[in-house]
Amino acid sequence: KIKGPMPFEKVKQKFDDFCDKIKGVASTAEDRRLLYITLVLGRIAKSTAVKEKTQQRETHEEKDDPNSVLQVILDDSGLGLATTFHNLKNNLHKESLQRAFDTKLLLPQIVQGEIAPVNFLGLTKLEARHHPVFFLYLYHFIFQVLGLRFKQPCDFPPKFDFVSTLPIQGYLDAIELLKDQGTLADEGSGSTGPRTRKVGPLNEIYIQLLKPSIPKEVTELPENVDKKLAFLRIMALTRSQYSNTTSLMSLLEEQEFQPLVQHLTGKSGGKQIMLFYGPDLVRMTLFNLGLKDDEDGKQMRITLTALGELYSKASQLLGTSDDPFSAQFELNVFSLVAEIKAAGSKWRAAHLLDAVKCRVKVEVRNSERTMGSIQMLPIKKEQIPYLDTVNQELIKTMEDEKKAADCEQLESFVHVLRTLLSGCDEDTETEEGVLTEIVKQKVNVWSPLLTLLERQHKKQIGSSIALQRSVLLVLATLSFNATVKEELQKRQTTALLKEIVEEYKDRATSQANNHLDDTKEVMTVAQNLLRTIAEVAKTPLTYYDSNAP
């Protein structure tokens with residue numbers, strides 16, 4: 001995980017160091033080259049500039065999904081993209097890389113039970129001659145997840161915190177055996193379409209992949225294949241740390257949770273759904289309580305109910321028209337994870353269920369209906385105490401020097417505050433609106449945010465453009481309230497904002513700026529907020545650029 005821009009040679013050096021430390025993989029120069037090409041190909045399709053370039057060709061349909069964009073790049077050498085791949089002289093290596101990316105399998109998401117069973121369909125079609133390169137393809141994810149953390153040499157495959165080993169070659173051999181036996185064929189000779197395809201064999205593959213991560217104390221698994229896979233996926237979502245496994249097995253037998261079991265096993269009848277950041281959502285909800293605090297299974301019951309509700313909302317939005325064996329629908333639930341992070345130890349399973357039922361809205365993000373996200377609806381008056389909880393956690397994090405250096409953690413708090421306050425301007429609320437109520441209940445949200453902004457500007461705390469933008473946007477929302485405007489003026493916010501605008505004006509003219517759009521947005525938000533505060537203070541403002549959007 002590389003934070004911020006890094007020169008190509010430095011990335012390559014870190015990659016070479018990684019390969020040197022892992023014995024038994026990429027031992028030849030050609031393997032190392034293939035592994036590095038795989039690593040780069042896995043990232044470029046997520047670039048907005050690359051996506052736009054693929055859409056400029058009249059022969060290509062507009063693609064938003066990174067997997068679809070990558071296929072265009074690999075199929076069309078005329079785009080001038082991925083030239084190292086297209087210049088490979090070994091045609092088998094080129095074809096193997098394409099077939100590997102066709103599978104759309106992501107190793108970390110397999111071992112955490114995150115992906116939908118349909119993702120294993122590509123694996124059943126993979127010919128044995130492609131296995132050596134596919135092996136490298138799967139393990140390039142280890143570099144992404146753990147590559148920069150390796151300090152000492154170790155054997156291959158390396159150990160994840162939550163999985164002992166990942167014997168991929170053994171799984172590939174087992175899949176070949178299933179193919180030889182005809183187990184992975186489509187259902188019967190009378191099949192007339194993709195919907196008649198059996199999901200069972202895909203579930204069997206998933207079960208075999210997840211079995212090694214189960215704790216040794218679990219000696220028996222559910223006999224029913226569907227219940228077995230549902231159990232293994234829920235356990236994998238907790239990184240096999242949930243201790244009350246007997247209770248979990250019993251819950252999955254109950255009628256109430258059969259719709260959830262169907263979603264987890266790809267049998268819901270519509271497009272199969274993956275919850276991106278689902279493991280974080282489940283682990284943080286359950287383990288804020290500590291592993292021993294769920295002896296009656298009550299917290300797991302509530303968590304499963306919330307998961308079922310999430311799947312149900314996504315499923316209702318998608319309908320049943322999509323082929324269940326087409327690409328999965330990847331639902332990004334980070335907005336909810338950010339709230340859990342912000343709430344810290346005060347978060348409970350009941351809060352998760354309440355948030356999913358009352359405040360989660362599922363949205364489709366691309367034309368191919370393969371990507372979606374959740375929008376957290378704004379706070380209501382009765383939820384203001386929760387806003388205060390998030391605020392206190394932000395203050396605590398800023399006071400801790402080590403935590404304050406982590407921009408991602410600070411961003412999650414500010415993200416939640418921004419979500420909770422969105423739509424709370426007094427133009428759309430009654431006189432007793434949410435902002436007025438916040439001031440009345442003396443929930444001082446603006447003061448810690450200003451402190452964060454000041455410390456960021458002085459480089460005393462973790463700094464990122466995204467964090468600065470979020471802080472300014474929250475302050476802009478709060479400034480709709482007259483009391484908050486006066487408070488902002490007392491803190492001499494005007495002087496601070498002027499300095500920020502000057503700093504970002506310089507950045508906006510820099511040729512080396514890789515975040516030009518973000519820079520301009522921060523500058524504009526700061527200018528608008530500056531104007532708002534100056535108007536309240538009844539001072540003439542000649543500083544504000546009237547031509548800014």
Side-chain angles (χ1 to χ4, degrees), residues 15 19 22-45 66-77 81-111 115 117-144 156-158 165-186 194 197-198 200-209 212 325-327:
F15 177 74
C19 288
I22 308 297
K23 299 172 186 175
V25 68
S27 50
T28 69
E30 184 62 15
D31 277 356
R32 190 171 288 201
R33 188 163 180 246
L34 282 171
L35 186 54
Y36 190 65
I37 290 171
T38 307
L39 180 69
V40 177
L41 288 175
R43 305 303 299 170
I44 63 171
N67 289 313
S68 304
V69 170
L70 183 58
Q71 290 309 317
V72 171
I73 293 167
L74 298 184
D75 290 339
D76 189 349
S77 58
L81 297 168
T83 51
T84 311
F85 164 79
H86 288 294
N87 290 337
L88 280 172
K89 291 179 181 176
N90 188 318
N91 288 328
L92 176 60
H93 285 169
K94 283 174 73 172
E95 187 187 350
S96 295
L97 275 174
Q98 280 190 289
R99 297 292 78 79
F101 278 104
D102 276 345
T103 66
K104 302 181 179 69
L105 284 174
L106 306 175
L107 191 57
Q109 292 166 0
I110 293 172
V111 295
I115 63 172
V118 69
N119 281 48
F120 295 101
L121 192 58
L123 194 55
T124 66
K125 297 175 181 177
L126 195 70
E127 297 173 35
R129 64 197 179 101
H130 299 309
H131 283 183
V133 173
F134 181 71
F135 190 83
L136 292 172
Y137 161 82
L138 279 182
Y139 278 106
H140 89 272
F141 292 108
I142 292 178
F143 175 74
Q144 283 185 218
F156 183 81
T165 57
L166 302 167
I168 297 299
Q169 192 58 54
Y171 299 146
L172 292 175
D173 293 342
I175 290 161
E176 283 305 303
L177 183 63
L178 289 172
K179 281 176 168 175
D180 293 340
Q181 294 171 347
T183 314
L184 299 179
D186 284 357
R197 189 181 282 123
K198 285 182 179 178
L202 305 182
N203 290 348
E204 286 287 358
I205 294 171
Y206 211 162
I207 287 169
Q208 293 307 314
L209 284 163
F325 288 94
S326 64

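For this chain, numbers begin at 1 and follow the sequence in order.
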Pairs flagged by salt bridge (charged side-chain N to carboxylate O under 4.0 Å, His left out) wherever residues 85-100 is involved - sequence neighbours left out: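 As it turns out, the salt bridge (charged side-chain N to carboxylate O under 4.0 Å, His left out) pairs with a partner in residues 85-100, which skip direct neighbours, are Glu95-Arg129, Arg99-Asp102.
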
Side-chain touch Phe120/Asn203, heavy atoms, less than 4.5 angstrom: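 Contact flag for Phe120/Asn203 side chains = no.
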
Residue pair His86 / Leu81, side-chain heavy-atom distance below 4.5 Å: no

Closest non-hydrogen atom pair, Thr38 against Leu34: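 Scanning both residues completely, I find the closest heavy atoms to be OG1-O, 2.6 Å.
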
[X] side, atom [atom1]; [Y] side, atom [atom2] - distance, nearest 0.5 Å:
| X | Y | atom1 | atom2 | answer |
| --- | --- | --- | --- | --- |
| Leu70 | Asp75 | CG | CG | 9.0 Å |
| Ile73 | Thr83 | CD1 | OG1 | 11.5 Å |
| Phe85 | Leu41 | CZ | CG | 7.0 Å |

Side chain to side chain donor-acceptor pair (under 3.5 Å) against Gln109, all qualifying residues, sequence neighbours excluded: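 Here no residue qualifies.
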
Phe101: ring-ring contact (aromatic ring centres under 6.0 Å, His included) partners, not counting sequence neighbours: Tyr137

Side chain to side chain contact (heavy atoms under 4.5 Å, CB included) partners of Arg33, counting only residues at least two apart: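 Here the qualifying residues are Glu30, Ile37, Thr84, Leu88.
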
